Engineer: 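Shown below is the structure under consideration.
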Protein chains: 2
Amino acid sequence: MNIDDRKRIILEAVIKDYVKTAEPVGSRAIAKKYNLGVSPATVRNEMADLEEMGFLEQPHTSSGRIPSESGFRYYVDYMMVKDQLTRQEESFLEQILTQKIEDISAVIQRTADILAKFTNYASIMVAPPATTDNLRHIQLVPIGHSQALVIMVSDVGGVVHKRIDLPESIRPEDLEQLSQLFNSNLHGNPKDISRTMLSSLRTELLYRRQVIERALEAIEMAMGGGYQQKVFISGALNIVNQPEFKDFDKLRNLLLVLEEHDLIRNLLSESSLKEVRIKIGNENEAEEIKELSLVFSSYEVEGREKGRIGLIGPVRMEYWKASASVEKVRDIVQDVIKKIN
Amino acid sequence: MNIDDRKRIILEAVIKDYVKTAEPVGSRAIAKKYNLGVSPATVRNEMADLEEMGFLEQPHTSSGRIPSESGFRYYVDYMMVKDQLTRQEESFLEQILTQKIEDISAVIQRTADILAKFTNYASIMVAPPATTDNLRHIQLVPIGHSQALVIMVSDVGGVVHKRIDLPESIRPEDLEQLSQLFNSNLHGNPKDISRTMLSSLRTELLYRRQVIERALEAIEMAMGGGYQQKVFISGALNIVNQPEFKDFDKLRNLLLVLEEHDLIRNLLSESSLKEVRIKIGNENEAEEIKELSLVFSSYEVEGREKGRIGLIGPVRMEYWKASASVEKVRDIVQDVIKKIN
DNA sequence: ATTAGCACTCGACCAAAGAGAGTGCTAACA
DNA sequence: TGTTAGCACTCTCTTTGGTCGAGTGCTAAT
């Protein structure tokens with residue numbers, strides 16, 4: 001059976017209606033609202049065909065149809081036209097996202113908030129690891145009796161710190177001296193610090209071995225991704241309003257998922273994606289979100305991926321708006337980060 | 001009318017039962033379960049009295065009684081014996097909260113998580129402002145074209161950073177020099193940096209005025225509490241399970257409150273409290289949480305308050321367990337922070 | 001290929017009925 | 001005087017049955 005134009009119109013009609021109302025839609029409503037010039041009976045026949053093809057389904061015999069997940073998939077792949085944000089919307093986003101930049105994580109947080117408010121779904125931002133590859137500054141600061149803080153500043157302005165233990169014999173002056181040593185090495189090398197350099201440093205300086213070892217551990221951990229990327233979520237409340245979560249178990253499950261940052265991080269960790277990707281319901285591998293959809297992308301600066309950005313919502317989602325919003329906001333964030341840089 | 005022993009026993013029975021089941025409790029159940037040696041009829045009379053006194057109320061004519069907020073209040077004030085945590089529970093808490101300490105905010109986060117898991121309510125931690133009063137180290141790190149990061153390390157090991165703009169003319173070496181200047185001043189003064197010192201510094205060094213001004217602004221902001229104390233919330237999900245939130249509007253409201261960190265911070269900001277304080281329902285001033293109860297305290301180190309710790313839950317709360325847990329966890333956190341110090 | 005007509009299905013809504021839990025009151029009792 | 005048994009009453013919750021309406025599938029006519 002082939003999908004002809006009329007079938008497509010009907011499929012689209014069912015999707016749009018269902019997305020809006022969350023109710024099954026009937027043949028009569030479609031025939032009337034999208035005035036196709038045919039009677040409900042004809043629409044019914046077509047819908048029966050669409051059901052056979054797997055694009056629609058019936059909750060019960062004799063209720064209207066709702067789109068199946070494959071229906072959504074087909075629509076998204078072959079029919080959907082991404083929303084065009086209006087000039088106003090675009091400039092609103094740009095304005096609010098570029099005002100007074102401080103901390104990169106503040107930028108990420110704000111972006112998450114805005115994206116959520118704008119779309120009415122829950123937004124997810126996976127932040128750039130505080131230090132990506134290059135360090136700009138390292139500082140050892142003594143605290144307490146026999147501890148020090150290793151403070152690392154990345155070239156993007158991210159700050160990471162880690163506490164390390166020290167042998168009692170070390171004096172503050174020694175730490176200062178070590179810091180300078182680290183930093184002179186950083187500045188000397190035009191490509192900033194790199195892992196190979198670290199290991200040569202390590203062998204060179206034996207006399208402060210313990211301290212250096214521990215500091216290097218901290219540094220390597222920071223650079224090797226030992227620090228997990230932080231996940232920001234915003235607008236969890238938006239989803240509570242969706243009728244599909246009137247069921248308490250589902251709601252609880254959803255909120256649980258949103259608190260599981262590890263899971264979320266994995267969900268979005270598809271390898272390399274420049275485009276906006278959409279995962280509908282069961283297309284997700286994690287059991288916990290098989291009733292939800294994801295719309296996500298990654299943001300990168302100078303060809304290097306910095307983090308992920310996405311939306312999570314019910315399967316009945318306005319994919320056209322969601323993907324347009326994700327795309328636009330992603331672009332803006334990229335610019336903002338580039339500027340910070 | 002006076003409250004005699006039997007009335008108290010009955011009040012306690014109603015509270016314990018209601019807290020457990022969330023259902024009104026009847027005279028028969030009480031007479032039987034707490035075998036008072038009197039008939040339900042007698043209990044009924046007593047309950048009528050308690051109702052008259054305002055300690056109990058009836059949802060509808062002829063359903064069992066439930067404790068009123070004043071009932072809870074009376075119980076909490078005059079009758080409650082705080083739970084004694086078992087040895088096992090105590091050592092469990094101690095063990096899990098003292099293992100490998102890194103970052104202070106990691107400690108706070110973990111504490112919030114444990115407290116929530118342990119009590120099954122939502123926990124709130126108001127973190128110490130990253131820099132309380134004393135700075136241990138200041139570092140200016142250049143980033144990007146004409147910006148620098150002011151990194152401040154407090155004596156507790158908290159790290160705060162703020163981005164400032166620079167005049168183009170400043171070179172990295174200048175910043176390093178300034179950092180050293182700041183720090184030599186820090187080290188020279190045994191009481192670490194203080195606000196008065198800051199202003200003298202400011203007048204002394206006119207030649208790098210712009211940079212210094214901005215750095216000092218950042219520093220003052222950090223020290224003057226310009227940075228708000230961070231609020232950590234954990235276990236919001238626990239509350240979703242409580243039957244009082246089967247009503248969707250209430251649930252939404254609750255989740256909304258939990259996202260309003262500013263509000264939360266204020267809720268706990270009662271002036272100086274060493275003891276665990278309990279606020280029941282309408283005793284709270286904020287409209288939004290008049291259907292919730294708070295159990296909270298502050299943690300301090302060496303007589304100086306560092307932050308707040310608390311639980312938020314339904315009015316029907318196990319105050320005896322909640323306050324015992326808050327107290328114990330607060331003590332542990334104080335120790336941990338002292339040790340970090 | 002389309003459509004009108006019709007019987008049928010199924011959920012939503014509503015009212016009535018009955019069960020169950022618990023009360024308040026009265027009268028009897030120790 | 002305090003306690004209790006007894007009883008009528010109240011109110012909620014659940015079940016049941018009936019009706020309504022939306023929507024379908026099928027068949028026969030166009």
Side-chain angles (χ1 to χ4, degrees), chain A residues 1-11 13-15 17-18 20-68 71 243-244 246-247, chain B residues 1-11 13-15 17-18 20-68 71 243-244 246-247:
Chain A
M1 191 170 331
N2 219 333
I3 189 160
D4 60 15
D5 273 358
R6 193 167 61 192
K7 281 196 178 52
R8 307 180 86 151
I9 293 177
I10 290 175
L11 175 59
V14 173
I15 287 180
D17 234 69
Y18 178 67
K20 198 176 287 172
T21 63
E23 307 264 293
V25 318
S27 54
R28 183 201 188 84
I30 288 180
K32 198 180 269 180
K33 205 183 301 182
Y34 296 78
N35 53 335
L36 301 180
V38 295
S39 79
T42 311
V43 175
R44 273 204 292 283
N45 288 330
E46 298 284 37
M47 295 209 303
D49 291 350
L50 283 167
E51 184 169 359
E52 210 174 315
M53 290 186 253
F55 293 154
L56 295 183
E57 48 193 41
Q58 259 178 315
H60 340 274
T61 342
S62 107
S63 193
R65 303 298 206 297
I66 67 176
S68 68
E244 21 270 283
K246 62 175 197 306
D247 176 356
Chain B
M1 191 169 335
N2 219 332
I3 189 161
D4 59 16
D5 275 357
R6 193 167 63 193
K7 282 196 178 55
R8 305 178 87 146
I9 293 178
I10 290 176
L11 175 58
V14 174
I15 287 181
D17 232 69
Y18 178 66
K20 198 177 286 173
T21 64
E23 307 264 292
V25 319
S27 54
R28 182 201 190 85
I30 288 181
K32 197 180 269 179
K33 207 182 298 183
Y34 296 78
N35 51 335
L36 301 181
V38 294
S39 80
T42 310
V43 175
R44 272 205 291 284
N45 286 331
E46 298 284 37
M47 295 208 305
D49 289 351
L50 283 166
E51 184 168 359
E52 211 174 313
M53 290 187 254
F55 293 154
L56 295 182
E57 47 193 38
Q58 259 178 315
H60 340 275
T61 341
S62 108
S63 193
R65 304 295 207 296
I66 66 176
S68 69
E244 21 269 284
K246 60 174 200 306
D247 176 355

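Predicted, not measured: the structure shown is a model, and the values here were computed from it. Order of the sequence lines fixes the chain letters, A, B, ..., with proteins taken first and strands second; residue numbering starts at 1 for each chain.
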Engineer: Do you know which of B:V14, B:V25, B:D17 makes side chain to side chain contact (heavy atoms under 4.5 Å, CB included) with B:P67?
Structural biologist: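 It is B:V14, the one option of B:V14, B:V25, B:D17 that forms the side chain to side chain contact (heavy atoms under 4.5 Å, CB included) with B:P67.
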
Engineer: When you check the phosphate oxygens OP1 and OP2 of D:dT10, does a side-chain N or O of B:S63 lie under 4.0 Å from one of them?
Structural biologist: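 It does not, given that no N or O in the side chain of B:S63 lies less than 4.0 Å from OP1 or OP2 of D:dT10.
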
Engineer: What is the distance, rounded to the nearest whole Å, between atom CD1 of B:I66 and atom P of C:dA21?
Structural biologist: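 The distance from CD1 of B:I66 to P of C:dA21 comes to 19 Å, rounded to the nearest Å.
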
Engineer: For atom CZ of B:R8, decide whether the heavy atoms of other residues, nucleotides or ligands shown that lie under 6.0 angstrom number more than 12.
Structural biologist: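 Atom CZ in B:R8 is crowded, with more than 12 foreign heavy atoms closer than 6.0 Å.
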
Engineer: Which angle, to the nearest 10 degrees, lies between the helix axes at the two ends of the helix from C:dA1-D:dT30 to C:dA30-D:dT1, each defined by five pairs?
Structural biologist: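 Overall, the helix from C:dA1-D:dT30 to C:dA30-D:dT1 bends by 20° from one end axis to the other.
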
Engineer: Between A:S62 and B:G37, name the one whose nearest nucleotide on DNA chain D is closer to the 5' end.
Structural biologist: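 Nearest nucleotide further toward 5': that of B:G37.
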
Engineer: Search all heavy atoms of A:P59 against all heavy atoms of A:G64 and return the closest pair with its distance.
Structural biologist: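 Closest pair (atom of A:P59, atom of A:G64, distance): CD-O, 3.4 Å.
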
Engineer: Identify the heavy atoms of A:G71 and A:L11 that sit nearest to each other, and give their distance.
Structural biologist: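 Taking every non-hydrogen atom into account, O-CD2, 4.4 Å.
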
Engineer: Choosing from C:dT23, C:dC10, D:dT4, which nucleotide comes nearest the side chain of B:M47?
Structural biologist: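 Looking only at side-chain atoms, B:M47 lies closest to C:dT23.
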
Engineer: Output the rounded distance in Å from CD (B:Q58) to P (C:dG24).
Structural biologist: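 The distance from CD of B:Q58 to P of C:dG24 comes to 5 Å, rounded to the nearest Å.
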
Engineer: In whole Å, I'd like the distance from the CG atom of B:D49 to the P atom of D:dT1.
Structural biologist: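 Result: 15 Å.
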
Engineer: Of all the nucleotides listed (C:dG24, C:dC10, D:dA5), which has the minimum atom distance to the side chain of B:R65?
Structural biologist: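 When the side chain of B:R65 is considered, C:dG24 is the closest of C:dG24, C:dC10, D:dA5.
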
Engineer: Among D:dT12, C:dG11, D:dT4, which nucleotide has an atom closest to any side-chain atom of B:H60?
Structural biologist: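 The answer is D:dT12.
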
Engineer: Can you tell me the distance, in whole Å, between the CZ atom of B:R44 and the P atom of D:dA8?
Structural biologist: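 From B:R44 CZ to D:dA8 P: 15 Å.
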
Engineer: Looking at C:dC10, I'd like to know if its phosphate oxygens (OP1 or OP2) sit under 4.0 Å from a side-chain N or O belonging to A:T61.
Structural biologist: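 So the side chain of A:T61 is within the cut-off, an N or O lying under 4.0 Å from OP1 or OP2 of C:dC10.
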
Engineer: Rounded to the Å, how far apart are A:K32 NZ and D:dG23 C1'?
Structural biologist: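 Rounded to the whole Å, the gap is 14 Å.
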
Engineer: Figure out the CG/C1' separation between A:D17 and D:dG23, and round it to whole Å.
Structural biologist: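 Atom-to-atom, A:D17 to D:dG23, this comes out as 14 Å.
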
Engineer: Mind checking the CG-CE spacing from B:N2 to B:M53? Nearest 0.5 Å is all I need.
Structural biologist: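 Going from the CG atom of B:N2 to the CE atom of B:M53 covers 8.0 Å.
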
Engineer: Are any side-chain N or O atoms of B:S68 and backbone N or O atoms of B:E57, one a donor and one an acceptor, separated by less than 3.5 Å?
Structural biologist: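 Flag not set: sc B:S68 to bb B:E57 has no pair under 3.5 Å.
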
Engineer: Measure across A:S63 and A:Q58 and return the closest heavy-atom pair with its distance rounded to 0.1 Å.
Structural biologist: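 Minimum heavy-atom separation between A:S63 and A:Q58: O-NE2, 3.3 Å.
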
Engineer: Roughly, in whole Å, what's the span from CD in B:E51 to C1' in C:dC25?
Structural biologist: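 These atoms are roughly 15 Å apart.
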
Engineer: Taking the minimum atom-to-atom distance to the side chain of A:T42, which one of D:dA5, C:dT3, D:dT3 wins?
Structural biologist: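 Given the options D:dA5, C:dT3, D:dT3, the side chain of A:T42 is closest to C:dT3.
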
Engineer: Please give, in whole Å, the distance from D:dT27 P to A:N45 CG?
Structural biologist: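 So the two atoms are 12 Å apart, to the nearest Å.
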
